[in-house]
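Notes follow the structure.
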Number of protein chains: 2
Amino acid sequence: MTSQTPATPVRDTRQRRAVRELMASTDAFRTAQQVHDDLRAAGESVGLATVYRTLQSLAEAGEVDALRQPEGEMAYRRCSDGHHHHLICRNCGRTVEISATEVERWAERVASQHGFRDAGHELEMFGLCDRCPD
Amino acid sequence: MTSQTPATPVRDTRQRRAVRELMASTDAFRTAQQVHDDLRAAGESVGLATVYRTLQSLAEAGEVDALRQPEGEMAYRRCSDGHHHHLICRNCGRTVEISATEVERWAERVASQHGFRDAGHELEMFGLCDRCPD
DNA sequence: CTGTATGCAAACATTTTGCATAAGC
DNA sequence: GCTTATGCAAAATGTTTGCATACAG
């Protein structure tokens, strides 16, 4: 589960570099479309399909975190390694990374108690942060 | 948050009844498309758009639980009241309801530790149940 | 040179919407 | 009868894919 055979060598292209740099430069979750717009605004135009493909491959490589927003679109964010969750302000989008050893253990226990194996979980928290009114 | 002004009275139609009965009859998560197919198979044909509209309204009314599957489609399930989570077999769809007092408390604590208020969370677990091979 | 990555447009899948018609109350 | 609900087809969304071309190695 840690390394997969790189079916393809992954080439170092301008586009891939642009996406990686953009993701490295921010701390927020961005959708493929946002990344596409950001890049175009920065003059580093990259095709939308390429942005999708690149973000997916970065996610598989573990360089970015992928999550599905409540509305259904995928969003990506540069990410520290390892499994963890997020606490996201639903007003301003500010994100706090949470490593939840506690929850991991709980999840594993619950799964096996019910006879489930190979279990994973998805947990995201949404709230209003202390910098946001109402 | 318990009662909302019924903008529209909600009429008792054959279609709505069919959807509600179908949802009442099963214990599994069904997508709108599946419900549509099930109904057609049962001879109680209902337009797909109507199924979507009805499931949404049932979800808003709290009669069914709505969740977004990892693949991105919405799925609905008849549901006991109150907040809880699910452990879902990613092969056969079998679902176990989990009331996670432990997690609720943990979530609340983490949120307030980070200065977040009005926090909610989304947690779903996916695995392989003991009736499913590999 | 060889073969992967890109861009574009078309294909896709899911969900939403406009509008004429059917039907609940 | 007045008005909401339905069905259909079209539109909207977000994402993926086929294919010719560009370009990294």
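So that the names make sense, note that chain A is the first sequence line, chain B the second, and so on, each numbered from 1. Fair warning: this is a prediction, and the values are worked out from it, not measured in the lab.
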Checklist entry - Is it the case that Tyr76(B) and Glu63(B) place a side-chain donor and acceptor less than 3.5 Å from each other? => result no
Checklist entry - Closer than 4.0 Å, any side-chain N/O of Arg14(A) to the OP1 or OP2 of dG7(C)? => result yes
Next on the checklist: Between Leu58(B) and Met74(B), is there shared hydrophobic-cluster membership here, with clusters defined by ILVMFWY side-chain heavy atoms closer than 4.5 Å?
Outcome noted: yes
Checklist entry - By a strict heavy-atom criterion of less than 4.0 Å, which residues belonging to residues 67-76 of chain B are in contact with DNA chain C? => result Glu73(B), Met74(B)
Next on the checklist: Please confirm whether the ring centroid of His86(B) lies under 6.0 Å from the ring centroid of Phe126(B).
Outcome noted: no
Next on the checklist: At less than 4.0 Å, is any side-chain N or O atom of Tyr52(A) found next to OP1 or OP2 of dT16(D)? Yes or no.
Outcome noted: no
Checklist entry - Within the structure, does a side-chain N or O atom of Thr50(B) lie under 4.0 Å from either OP1 or OP2 of dG7(D)? => result yes
Checklist entry - Same cluster or not: are Trp106(A) and Phe116(A) linked, directly or through other Ile, Leu, Val, Met, Phe, Trp or Tyr residues, by side-chain heavy atoms under 4.5 angstrom apart? => result yes
Next on the checklist: Rounding to an integer number of Å, can you tell me how far Arg20(B) CZ sits from dA5(D) P?
Outcome noted: 14 Å
Next on the checklist: Under 4.0 Å, heavy atoms only, any strand: does Arg53(A) hit a base, just the sugar-phosphate, or nothing?
Outcome noted: base
Item to check | Within residues 30-41 of chain A: residues closer than 4.0 Å to DNA chain D (heavy atoms) | outcome: Gln33(A)
Item to check | Pair Arg78(A)-Ser25(A), side-chain donor/acceptor within less than 3.5 Å | outcome: no
Item to check | Short side-chain N/O contact from Gln15(A) to OP1 or OP2 of dC23(D), under 4.0 Å | outcome: no
Checklist entry - Do His121(B) and Glu104(B) have side-chain N/O donor and acceptor atoms under 3.5 Å apart? => result yes
Checklist entry - Taking atom P of dA5(D) as reference, at what distance in whole Å does atom CG of Leu55(B) sit? => result 15 Å
Checklist entry - For Gln56(A) and dA5(C), what is the distance between atoms CD and P respectively, to the nearest whole Å? => result 13 Å
Checklist entry - Hey, quick one: are Val103(B) and Ile98(A) part of the same hydrophobic cluster, counting side-chain heavy atoms closer than 4.5 Å, chains of contacts allowed? => result yes
Checklist outcome for this item: Looking only at dT17(C), dG3(C), dT6(C), the nucleotide nearest the Arg11(A) side chain is dG3(C)
Checklist entry - Can you pull the salt bridge (Lys or Arg N to Asp or Glu O under 4.0 Å) pairs that have at least one residue in residues 120-129 of chain A, sequence neighbours excluded? => result none
Checklist entry - Between Arg17(B) and Val51(A), which is nearer to the 5' end of DNA chain C once each is assigned its nearest nucleotide? => result Val51(A)
Item to check | Under 3.5 Å: donor-acceptor pair, side chain of Arg30(B), backbone of Arg77(B) | outcome: no
Checklist entry - Whole-Å distance between dT17(C) P and Leu48(B) CG? => result 14 Å
Checklist entry - Just how far, in rounded Å, is P of dT6(C) from CZ of Arg16(A)? => result 8 Å
Next on the checklist: Any side-chain N or O of Thr13(A) below 4.0 angstrom from OP1/OP2 of dA24(D)?
Outcome noted: no
